[in-house]
2 protein chains.
Amino acid sequence: MIHGRVRTLPPRIDIVREGETPHIMRLMLSGWAYRYKQLPDGRRQIVGFFLPGDICDLHLSILESMDHSLASITQIELAEVENDMFEAVIATSPTLKSAFWWDNLITIATLREWALNLGQRTALERIAHLLCELYTRLEKIGAAANQQMEFPLTQMDLGETCGVSTVHVNRVLKELRLDNLICLEGRLLSFPAMDRLKDLAAFDPRYLHLGSRGR
Amino acid sequence: MIHGRVRTLPPRIDIVREGETPHIMRLMLSGWAYRYKQLPDGRRQIVGFFLPGDICDLHLSILESMDHSLASITQIELAEVENDMFEAVIATSPTLKSAFWWDNLITIATLREWALNLGQRTALERIAHLLCELYTRLEKIGAAANQQMEFPLTQMDLGETCGVSTVHVNRVLKELRLDNLICLEGRLLSFPAMDRLKDLAAFDPRYLHLGSRGR
DNA sequence: CGAGAAGTTGAAGCGTGTCAAATGCAGTGG
DNA sequence: CCACTGCATTTGACACGCTTCAACTTCTCG
């Protein structure tokens, strides 16, 4: 286990901004956060979500400066480890080292799936696919079960993830609701017909490579 | 330097298919290739290009099976290294090891930019951005100069990369041509006004992290 | 209770997809 | 050398998914 300072941050604030020079490694202990990129005119694209157990900035320190930003969604707890200490730890533990390779490879595989999502699927399929991915990941870490999960994302978040306007996200969610594929009560999201949803989204969880994984 | 078998492959064939189990590491020596993913109904998304000097499947061996495919565009030469041998080599060379970390991080950074591209830019901006990226990468390895490059991609390739129909790619290229932003003569692509093109695409090469890099 | 944020809805317009047909281009065989 | 074939490119007409704008409603929380 890696030790380091633990920080608690409020919801909806930037954790790191584009252009800063990273010097620590962060591990999500609780809550939801995301990574985003921005165009000069303000258009925003979310390029990844962090759930408990995820690593935020693995070895990003080798790069000179951040080409993206990190922000919290809910209140979050982060473990922060200085790079020097981090280097020292992985040097002594081959298990940890390969765990970090894993993390990197899964990040890449997920980004490839997101490219497929953004480039080829319709708005309906994209959102359905994202919901499948999030549920699957949460279930894996024991934070969701029985086709139910806490859902802290706004429709604007969904839009910025799926490259769709907020208004259209709303219409898509309505359609999913009318088809009885999702059910949203407050912040609790449930899937009355997960099979049909996965089918609609052409969701194949293999890209998440859930088989094994180190810690 | 890593030694291994060198293979020459003809243009337009699959190198590895989804589902196969990877057991070698491939390095591009010459030519162009790409990585793609596919939906069950056949929609295809290109998720990365390989140019000379690029690594195709870094440590993918840890994963059970490929979640995507590789295909050649031009005739290509590949250096192939068995995983065992590869492991042995990086174990002895910290320089190489960090070079591979680099490669991984740049792959990730590029995929994030692609997500931004697919999610937020218009078809015109997307294609302009892709052209800027390819030229920049080719220039880096000395395979392009003076705002000119060999361009082996078809309009269908461009479409499958940018999430745009082939017909619309054609219209976009026409617009770029009429605006005097690109000039295509046979397989030679040139940029009479690179500044304006980069501006149109909001192309900021920092994500490619060209600063340093090992080999 | 009030105020700001998030969600909802309708109408109109635009970017892009689809379909279909024509043109250009390169390789092949007669 | 030319006709033939198949693939890439080009163009027009039309359809549709999604965006934009604007107003309204519903939540959330101090």
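To find a chain, count down the sequence lines: A is the first, B the second, and so on, and within it residues start at 1. Being a predicted model, the structure only gives us computed values, none of them experimental. What's counted below: heavy atoms across the whole structure, side chains too, no hydrogens, waters or symmetry copies.
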Do the side chains of [X] and [Y] get close enough for a salt bridge, i.e. N-O under 4.0 angstrom?
X	Y	value
B/Glu150	B/Arg187	no
A/Arg196	A/Asp179	no
A/Glu175	A/Arg171	no

_Residue mapping more 5' on DNA chain D - nearest nucleotide basis, A/Val167 or B/Val167_ = B/Val167
_Span of DNA chain D, from the first to the last nucleotide whose atoms fall under 4.0 Å of chain B heavy atoms_ =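 Terminal contacting nucleotides, 5' to 3': D/dT9 to D/dA13.
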[X] and [Y]: which non-hydrogen atoms are nearest, and at how many Å?
X	Y	result
B/Leu78	B/Cys56	CD2-SG, 4.4 Å
A/Pro40	B/Ala202	CD-CB, 3.8 Å
A/Arg17	A/Met66	O-CB, 4.0 Å
A/Asp14	A/Ala71	OD1-CB, 3.5 Å

_A side-chain contact here means heavy atoms from C-beta on lying under 4.5 Å apart; do B/Glu113 and B/His129 qualify?_
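Yes. Closest side-chain heavy atoms under 4.5 Å.
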*Backbone N or O of A/Gln147 within a donor-acceptor pair of the A/Ser190 side chain at under 3.5 Å?*
no
*Check: B/Ser72 side chain, B/Arg12 main-chain N or O, donor-acceptor pair, under 3.5 Å*: yes
_Any residue of residues 169-191 of chain A with a heavy atom less than 4.0 Å from an atom of DNA chain D_ =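 Within residues 169-191 of chain A, the residues near DNA chain D are A/Arg171.
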*Please work out which residues in residues 153-166 of chain A have a non-hydrogen atom less than 4.0 Å from an atom of DNA chain D and list them by number.*
A/Gly163, A/Val164, A/Ser165
*Using chain A heavy atoms and a threshold of under 4.0 Å, write down where along DNA chain C the contacts begin and end, 5' to 3'.*
C/dG7 to C/dA11
*B/Asn104 and B/Thr107 side chains, donor-acceptor separation under 3.5 Å*: no
*Any side-chain donor-acceptor pair under 3.5 Å between B/Glu77 and B/Ser30?*
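A donor-acceptor contact under 3.5 Å links the two side chains.
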_Partners meeting side chain to side chain contact (heavy atoms under 4.5 Å, CB included) with A/Val6 (sequence neighbours left out)_ = A/Leu29
*For atom CG of A/Asn146, is the number of surrounding heavy atoms from other residues, nucleotides or ligands below 6.0 Å larger than 12?*
no
*asked:* Less than 6.0 angstrom separating the ring centers of A/Tyr135 and A/Phe203, yes or no?
replied: no
_Report for the helix from C/dC1-D/dG30 to C/dG30-D/dC1: angle between first-end and last-end helix axes, five pairs each, rounded to 10 degrees._
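Here the local axes at opposite ends form an angle of 40°.
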